[in-house]
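Counting starts at 1 for both ligands and their atoms, following the listed order. Here, residue 1 is the first one in the sequence, and each next residue gets the next number.
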Amino acid sequence: MNYIAEQYQTVKSALPSDITLVAVSKTHSADKIRQVYDLGQRIFAENKVQELVEKAPLLPKDIQWHLIGHLQTNKVKYIADFVDTIQSVDSEKLLLEINKHAGKHQRIIKVLLQVKIAEEDTKSGMEISETKELFLKWLQGSFPNVKIMGLMGMATFTDDEAQIEREFRFLKRLYDQLSLQHPLSVLSMGMSGDYPLAIACGANSVRIGSAIFGNRL
Ligand SMILES: *Cc1c(COP(=O)(O)O)cnc(C)c1O
């Protein structure tokens, strides 16, 4: 087996079967993505619209593409006809735009609300209050062509495990709170460096790039 196949199998076999693996393929070639696809992986994520739009046509149609990077409203139109899930919804304006373009294609696009959980970093995401308000508006029917599946968060990039754990638990609490109003199914947190901790804190979906594909150039 080659390097990527080995890495993928290692990650996959260590992952509990009820945890969704989102393979983060940003910066990696369609060839490499294909190798992982051939091992059975169907969910891949990119963080840039342009890269996603370039690679998707080169790969099998049954891939579920997720977008995980900040999305500018003027770029939604390029991915609205094929993207499976947009994990990085960080404003009402963006959700409105996704709803509009999903409607044009007579689709319902799945989304996650991205919440700012990092105490120190300025990583994007909404504050709790904004997240709750947007969720409520969606529940009231304001965005019929999007389906909020759950929440996404990125912990601070730090060696301080206690801090990362606090941040993950914070998002899990919000997820549980919102779930009381409407059942949610996706709590996306954890990357190559911190996914076992994220799972221990309640994540059911992890976004793993370098642990599968190796370091990005
Ligand atoms: C790049 C990226 C990942 C994957 O990071 P790795 O450390 O390579 O696993 C996960 N989530 C987001 C939002 C990313 O941008």
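Salt bridge annotation for Glu97-Lys93: absent, with no cationic side-chain nitrogen under 4.0 angstrom from a carboxylate oxygen. Ion pair Asp81/Arg107 not flagged as a salt bridge, since none of the NZ, NE, NH1 or NH2 atoms sits closer than 4.0 Å to an Asp/Glu carboxylate oxygen.
Partners of Ser205 according to the side chain to side chain donor-acceptor pair (under 3.5 Å) rule, which considers only residues two or more places apart in sequence or in another chain, do not exist here. A search for side chain to side chain donor-acceptor pair (under 3.5 Å) contacts involving Lys137 returns Glu92, not counting sequence neighbours.
Annotation for Gln50: atom CD does not count as buried by contact number, only 12 or fewer foreign heavy atoms lying within 6.0 Å.
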What pairs of donor and acceptor atoms, side-chain ones from residues 25-33 against any protein atom, are under 3.5 angstrom apart with sequence neighbours left out?
unit_1, atom_1, unit_2, atom_2, d
Ser25, OG, Ala45, O, 3.3
Ser25, OG, Glu46, OE2, 2.7
Ser29, OG, Lys32, N, 3.2

Pairs under 3.5 Å, nitrogen or oxygen of ligand 1 with protein nitrogen or oxygen:
unit_1, atom_1, unit_2, atom_2, d
ligand 1, 8 (O), Ser210, N, 2.8
ligand 1, 8 (O), Ser210, OG, 2.9
ligand 1, 8 (O), Arg216, NH1, 2.7
ligand 1, 8 (O), Arg216, NH2, 3.2
ligand 1, 9 (O), Ser192, N, 3.0
ligand 1, 9 (O), Ser192, OG, 2.5
ligand 1, 9 (O), Gly209, N, 2.8
ligand 1, 11 (N), Arg207, NE, 2.8
ligand 1, 15 (O), Lys26, NZ, 2.7

